[in-house]
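Since this is a predicted model, take the numbers as computed values, not measurements. In what follows, residues are counted from 1 in the order of the sequence shown. Atom set for the values below is all heavy atoms of this structure, side chains included, hydrogens, waters and symmetry mates excluded.
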Amino acid sequence: MSARSIHLNVNVLSSGSHGASWRAADGNPLGYVQIEHYQEIARIAERGRLDAVFLADALAIAFDPRTNPSWALDPAVIVAGMAAVTSRIGFIASASTTYSHPYNIARTFASLDHASHGRVGWNVVTTYDERAAPNFGDKNLPVHADRYGRAVEFVDVVQSLWDSWEDDALVLDREAGRFADAAKIHAINHQGPHFSVAGPLQIPRSPQGRPLLVQAGSSEQGRDLAARYAEAIFSVQQDLGEAKAYYADVKGRAARYGRDPDKIAILPGLFVIVGSTEEEAHSRRKQLDEIAGEATVLRRFAGQLGLDPAQLDLDRPVPEHLLEKINDYMGTRGFVEATLSLARNRSLTVRDIIARGGGAHRLVVGGPEQIADTIEHWVQERAADGFNIMCDVFPSGLAAFVEHVVPELQKRGLFRREYEGTTLRDHYGLPRPPSRFAQQKAPSEAEAKQHWEVAL
């Protein structure tokens, strides 16, 4: 493969990324609560040799459940269902560090990694939706800095728990009745400002050692968290120049943490509407837009930015006095900055901004060549190492990408024709990390025996 071979995940948003996806003739209004729907998506993604299925999450109902499917099934449940019907595709599930506990997350993702034979990653999120707070007994979200301070400690504790069993801790000597080497199972005894966790984890080290760590950070603290821990980064960029600056900044930060920047994959979201030809793709986009209707599209765009749709005119630029309000919005920083980068261009109307992705991920409409051109150009320009692909309607939009765009990328030497390994780390070209406890002086058998007798 090419030296710049790319990574491709598919970001699954229930029925699809287009606002009319659930209403489309090939859409599935109930897909968001049907495990069979997700299983079909996973099969198609595996057929395309994609790296992983990516699952976002939210901890509150949809902004307007009258017009769109809400978030529903827990990502961990979806991953378990998808893993059962596939053998190679990876899975990345989101879980919040603000409204979870490190022990629960460590156990859940280690369990999924065992169940999938090493195909799982954790997308570390801090929760930005204020409406989630009352669902967990809080009046308001913790402030941004506090959420990220907690996240840093949270990730470190989770990694320690994943490492708490050394790789050779299991003995499995039936004759001697010796199941495990107690000297190689470690309490982590973490005491920090946010958490007190004794450990060890109750299950052995998972097939990947540590599930893949993924992060989506655009703020100053988000970029730093990503550079410190993430092995793949889900970013939001509309503009090539800004994407190149983000890429260089995060890779530079990673190097300052002593990490190899080439071992970190930066993956912007890319919303694609695919046709067998460019004309067919634009026709599909027009049909979906007509189903949604202008009022729904405008309401969705405004809701992503904390605005009243009555403040916006589709055929005028975003009013200048609203730019500061957008900048101060508590929503995800990546979406806010991507929208502002377009809205500050006073030649672009609200309709133009929506046509380019609508305050979220970059939208490309076209045939296989046009979409492959965009992907190849951004990778060559060091603006991306691949993409999190967003499809208009599931599963048909993903099937179109796999059937038309993937072969074009393979023809250009940009994407694998076959999987070269069995784990998600293999797909990303990453080694299996050793347990941090394997570097420490092990306790004697007598010391370990005394510890476990006291613990019991």
Less than 4.0 Å between a side-chain N and a carboxylate O, is that true for [Y] and [X]?
{"X": "Arg362", "Y": "Asp239", "result": "no"}
{"X": "Glu166", "Y": "Arg205", "result": "no"}
{"X": "Arg43", "Y": "Glu46", "result": "no"}
{"X": "Asp167", "Y": "Lys184", "result": "no"}

* What's the verdict on side chain to side chain contact (heavy atoms under 4.5 Å, CB included) for Gln34 and Ser14, showing C-alpha distance, side-chain angles and the deciding distance? -> CA-CA 9 Å; Gln34 294 174 340; Ser14 59; over 6 Å; no

Is it true that the side chains of [X] and [Y] contain a donor and an acceptor less than 3.5 Å apart?
{"X": "Glu153", "Y": "His190", "answer": "yes"}
{"X": "Thr86", "Y": "Arg119", "answer": "yes"}
{"X": "Asp51", "Y": "His7", "answer": "yes"}
{"X": "Asn135", "Y": "Tyr99", "answer": "no"}
{"X": "Ser94", "Y": "Asp57", "answer": "no"}
{"X": "Gln237", "Y": "Ser235", "answer": "yes"}
{"X": "Asn123", "Y": "Gln215", "answer": "no"}
{"X": "Asn9", "Y": "Asn388", "answer": "yes"}
{"X": "Ser160", "Y": "Arg436", "answer": "yes"}

* To do: Report the C-alpha separation of Asp385 and Tyr247 in whole Å, then their side-chain angles, then the decisive distance to 0.1 Å, and conclude whether the side-chain hydrogen bond (donor to acceptor under 3.5 Å, both in side chains) test is met.
  => CA-CA 9 Å; Asp385 297 306; Tyr247 185 99; 2.7 Å; yes

Roughly how far, to the nearest 0.5 Å, is [atom2] of [Y] from [atom1] of [X]?
{"X": "Ser435", "Y": "Gln159", "atom1": "OG", "atom2": "CD", "answer": "11.0 Å"}
{"X": "Leu414", "Y": "Ile6", "atom1": "CG", "atom2": "CD1", "answer": "5.5 Å"}
{"X": "Leu50", "Y": "Phe415", "atom1": "CG", "atom2": "CZ", "answer": "5.0 Å"}
{"X": "Ile89", "Y": "Arg47", "atom1": "CD1", "atom2": "CZ", "answer": "11.5 Å"}
{"X": "Asp146", "Y": "Thr126", "atom1": "CG", "atom2": "OG1", "answer": "11.5 Å"}
{"X": "Ser17", "Y": "Ile389", "atom1": "OG", "atom2": "CD1", "answer": "10.5 Å"}

Sole candidate of [options] that passes side chain to side chain contact (heavy atoms under 4.5 Å, CB included) when paired with [X]:
{"X": "Val405", "options": "Leu8, Val272, Val274", "value": "Val274"}
{"X": "Phe387", "options": "Val379, Leu267, Val364", "value": "Val379"}
{"X": "Val79", "options": "Val53, Asp74, Leu112", "value": "Leu112"}

Looking at [Y], is its backbone amide N or carbonyl O close enough to the side chain of [X] to form a donor-acceptor pair, meaning the two atoms are under 3.5 Å apart?
{"X": "Arg150", "Y": "Thr97", "answer": "yes"}
{"X": "Arg107", "Y": "Gln202", "answer": "no"}
{"X": "Arg259", "Y": "Arg256", "answer": "no"}
{"X": "Trp165", "Y": "His186", "answer": "no"}
{"X": "Trp122", "Y": "Ile92", "answer": "no"}
{"X": "Arg147", "Y": "Thr127", "answer": "yes"}
{"X": "His117", "Y": "Ala83", "answer": "no"}
{"X": "Gln410", "Y": "Arg416", "answer": "yes"}
{"X": "Lys244", "Y": "Ala383", "answer": "no"}
{"X": "Glu381", "Y": "Trp378", "answer": "no"}

Looking only at non-hydrogen atoms, find the nearest pair between [X] and [Y] and report the distance.
{"X": "Leu201", "Y": "Ala110", "value": "CD2-CB, 4.0 Å"}
{"X": "Glu369", "Y": "Arg412", "value": "O-NH2, 3.5 Å"}
{"X": "Gly27", "Y": "Pro29", "value": "O-CD, 3.8 Å"}
{"X": "Gly48", "Y": "Val402", "value": "CA-CG1, 3.6 Å"}
{"X": "Ala95", "Y": "Phe109", "value": "CB-CE1, 4.0 Å"}
{"X": "Ala180", "Y": "Ile185", "value": "CB-CD1, 4.0 Å"}

Mind checking what makes ring pair (Phe, Tyr, Trp, His ring centres under 6.0 Å) contact with [X], not counting sequence neighbours?
{"X": "His37", "answer": "none"}
{"X": "Tyr32", "answer": "none"}
{"X": "Phe195", "answer": "His101, Phe154"}
{"X": "Tyr103", "answer": "none"}

Compare all side-chain heavy atoms of [X] with those of [Y] and state whether any distance is below 4.5 angstrom.
{"X": "Ile264", "Y": "Ile233", "result": "yes"}
{"X": "Met82", "Y": "Val77", "result": "no"}
{"X": "Tyr38", "Y": "Phe394", "result": "no"}
{"X": "Leu323", "Y": "Val318", "result": "yes"}
{"X": "Asp129", "Y": "Leu59", "result": "no"}
{"X": "Ile375", "Y": "Leu270", "result": "yes"}
{"X": "Ser206", "Y": "Pro211", "result": "yes"}
{"X": "Val393", "Y": "Asn28", "result": "no"}

* To do: Please test Val214 against Glu231 for side chain to side chain contact (heavy atoms under 4.5 Å, CB included), starting from the C-alpha separation and ending with a verdict.
  => CA-CA 6 Å; Val214 184; Glu231 291 154 317; over 6 Å; no

* Does any pair with a residue in residues 206-239 pass ring-ring contact (aromatic ring centres under 6.0 Å, His included), and if so which ones, sequence neighbours excluded? ->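 Found Phe54-Phe234, Phe234-His361.
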
* Pairs touching residues 210-224 that satisfy salt bridge (Lys or Arg N to Asp or Glu O under 4.0 Å), sequence neighbours left out -> Asp163-Arg210, Glu220-Arg253, Arg223-Asp249, Asp224-Arg253

